Structure formats: C-alpha cells, structure tokens
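Since this is a predicted model, take the numbers as computed values, not measurements. In what follows, every chain begins at residue 1, and chains take the letters A, B, ... in the order their sequences are listed.
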Amino acid sequence: MIKIATWNINSIRVRLPLLLTWLKETQPDIVLLQETKTTDDQFPKEDIENLNYNIALNGQKTYNGVALLSKYPIEDITSGIPGFEDEQARYIEAVIKGLRVASIYVPNGSEVGSDKYAYKLRFLQALYAHTKTLLTYDEALILGGDYNIAPTDLDVYDPQEWHEKILCSTPEREGLRSLLHLGLTDSLRETHRDEKDLYTWWDYRAGAWQNNFGLRIDHLLLSPQAADLLKNTSVDKPIRSVEKASDHAPVVCELDI
DNA sequence: ATGGTTGCAGCGCAA
C-alpha cells in the first residue's frame, strides 16, 4: 500500500514543526504541498530529509510555491505546466515509483470577473490541455492539489451564500468538471459518495472552523490506472484543529501498490 | 458584517 497526501500548508517555514510531527505520525509515502511561500534556497530541506524524504521544489518568494516530498526517488521533474507561460510557481510534476504525480496550486481567482479570475480560468485551460497529453501515456497518474474549486453544492457548507461566488462559480466548476470528464476520478468523492460536511478548507476568519463552515476545494484526481488501485481517501481533520494550523486539511489516499 | 484572520514583508497584498 502506498499513501499519498495533498496539503496546502500555507507557509512551509511557519508550518515546519507541524509538518514534521504530521509526517512522523501519518507516514505518507508521497506528499504534494502547496503555498510553501518561499524560494527554493530558503526551503527547510534538512529536517524533512532527516525523516528520509526526497524533495523536489518549485518555489517563489512570498506567494505560491509547490513541492513534492517522497520516500522514494523523484525522477523526471517538470516545473510549471508545459506550454503555459507563468511566472507564478503553481505546478510541479514528477515520476515516483512508476507513478506520475503533480502538486498543483490553482489560482484562487479573488473575485468572479476580476483579472485574477481570468487568469484562474486560463490556468485551468492549460491544465486541461496538459492533462489530455498525460492521459495518453496510459499510466497511473495523480493530479493533486489545491484546486480552489468546490465541485458541487454538496461540497459547500452554505451553497446559497456561496452561489456564483469565487470557488463556486459555474465557469470554475465547468473547468474542473471538464478535467474530470477526460477520465479522472475525484478520489475523495469516489470513496465518500453522498457524504455531507466533507470539507478541506475552513477560513481563518469568523469562526469558520469552530462552526464547520468549510468547502471541499483540495482534490486528488486519479487516472483510470490509478483509480483501479484506490483503496481509501480521507480528510485529516485533526491537524486543522491544532494551534498554528494551516487553513487547509490534508487529503490522503491509499493505493494498492 | 465590504467584516473577520493569517503570512509575508516591511504595512499593503493575497488568500
């Protein structure tokens, strides 16, 4: 069994002690991190390497930044979506143990109709085009990360309040749905079919965590070859409740490899 | 509630 997690960690430097504790407790084989918020030279590699993880980075100063951690060698690393010019560090892909994985930080989009929103939709189009190529390889593939999109109203604590708002607007949802229609499986929803209150992000503000006002915006999307191996997926909620938590909880799946 | 909180960097911006 191989355990793969995605986690928007919201600053690797602030969250390092929590990450180290979590790695020891959870023992994931592969971790896809987003929002590391630091340059590669500032990334605290040593403490993570001491827990026997290999590391691949696509970082930047202040904003964004993605990383791969793996107990197995990381090969064939690609930073950025091929064919998509982007000065923001939001994508890293590699092959680990014959499994192709990507850590993806889809733009938040700020507000529907804004420039940042247009950039989000362009990013999704580029991800769609690249995914189409990846799927021609007919291999086990995991596209994990913070998609900043709640796929349906079931994934939102208050669909009325969020109606056509950022993270929930129809064009964003269509972008994610078109990705899924290429043949990807939303592993958490696959293993928790009609379950309500299944969230991965809770706003720091207004007591969202305490009230369970969450959205499910972090996803592990699996190619058919990977989906065939899927045993379980879960949200690690306890780590969201601690002091100095990230505003996102990890999503963890197990593949029968 | 055009609020609320957090992180980075150097106090406004992004989420």
Side-chain angles (χ1 to χ4, degrees), chain A residues 6-22 32-45 47-48 57-67 86-92 103-124 127 144-151 155-169 171-173 175-176 199-219 235-251:
Chain A
T6 183
W7 192 10
N8 180 320
I9 198 156
N10 187 16
S11 169
I12 184 67
R13 282 179 292 172
V14 166
R15 221 70 63 201
L16 182 64
L18 189 60
L19 174 66
L20 295 174
T21 302
W22 180 78
L32 319 174
L33 295 175
Q34 301 86 38
E35 276 207 274
T36 52
K37 292 187 173 180
T38 193
T39 50
D40 294 352
D41 60 300
Q42 298 258 60
F43 193 98
K45 294 176 84 167
D47 287 323
I48 297 167
L57 301 172
N58 179 19
Q60 79 176 75
K61 196 181 169 188
T62 312
Y63 302 119
N64 313 312
V66 286
D86 194 352
E87 72 272 8
Q88 302 189 22
R90 296 181 173 277
Y91 186 92
I92 188 167
S103 176
I104 306 168
Y105 180 42
V106 175
N108 170 283
S110 188
E111 270 185 73
V112 174
S114 66
D115 288 350
K116 292 192 180 78
Y117 182 74
Y119 165 58
K120 182 178 195 172
L121 297 181
R122 282 205 313 280
F123 185 96
L124 288 170
L127 185 59
D146 177 1
Y147 281 77
N148 269 315
I149 301 169
D155 305 304
V156 183
Y157 70 94
D158 186 344
Q160 275 77 46
E161 185 180 326
W162 284 81
H163 180 70
E164 293 300 336
K165 297 269 172 57
I166 200 67
L167 314 185
C168 298
S169 74
E172 295 168 75
R173 285 179 167 176
L176 178 59
Y199 308 131
T200 65
W201 169 78
W202 298 258
D203 201 306
Y204 280 128
R205 296 167 289 189
W209 169 253
Q210 288 74 13
N211 293 299
N212 198 26
F213 292 166
L215 277 73
R216 190 173 73 90
I217 59 175
D218 301 85
H219 310 298
V235 180
D236 190 341
K237 281 182 76 171
I239 200 82
R240 176 64 181 80
S241 68
V242 303
E243 281 297 306
K244 299 290 281 181
S246 168
D247 46 354
H248 295 251
V251 181

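- A donor-acceptor contact shorter than 3.5 Å is absent between the side chain of Q60(A) and the backbone of N58(A).
- Across the C1' atoms, dA15(B) and dT2(B) are found 16 Å apart, a figure rounded to whole Å.
- In the set dT5(B), dG7(B), dA14(B), dG7(B) carries the atom at the smallest distance from any side-chain atom of S11(A).
- Toward the 5′ end of DNA chain B lies the nearest nucleotide of T36(A), the other residue of the pair T36(A) and D247(A) mapping further downstream.
- At whole-Å resolution of the value, CD1 in I9(A) and C1' in dG7(B) are 13 Å apart.
- The side chain of R15(A) contributes an N or O atom lying less than 4.0 Å from OP1 or OP2 of dG7(B).
- Across the protein-nucleic acid pair, H248(A) atom NE2 and dT6(B) atom P stand 14 Å apart, rounded to whole Å.
- Look at K61(A) and you won't find any side-chain N or O under 4.0 angstrom from OP1 or OP2 of dC8(B).
- Across dT5(B), dA14(B), dA15(B), the shortest atom-to-atom separation from the side chain of Y204(A) is found for dT5(B).
- With hydrogens and angles ignored, the 3.5 Å screen pairs a side-chain donor or acceptor of R90(A) with a backbone N or O of Y105(A).
- When rounded to the nearest whole Å, the span between CZ of R240(A) and C1' of dT5(B) equals 10 Å.
- The residue among Q88(A) and R13(A) whose nearest nucleotide of DNA chain B lies closer to the 5′ end is R13(A).
- Put simply, CD on E243(A) is 14 Å from P on dT5(B), counting in whole angstrom units.
- dG3(B) and dG12(B) are spaced 15 Å apart, taking the P atom of each and rounding to whole Å.
- When each of W202(A), W162(A), Y199(A) is checked for a side chain to side chain donor-acceptor pair (under 3.5 Å) with Y157(A), only W162(A) meets the rule.
- Using a 4.5 Å cut-off on side-chain heavy atoms (C-beta onward), H219(A) and P151(A) make contact.
- If you measure from atom CD of E111(A) to atom P of dA14(B), you get 12 Å, rounded to the nearest angstrom.
- Between the CG atom of L215(A) and the C1' atom of dA15(B) there is a distance of 13 Å, given to the nearest Å.
- Atom CD in Q42(A) sits roughly 17 Å away from atom P in dG7(B) (whole-Å rounding).
- In this structure, K244(A) reaches the dG7(B) phosphate: one of its side-chain N or O atoms is under 4.0 Å from OP1 or OP2.
- With a 4.5 Å cut-off on side-chain heavy atoms, N10(A) and Y204(A) count as touching.
- Per the geometry, CZ belonging to R205(A) stands 12 Å off C1' belonging to dA1(B), to the nearest Å.
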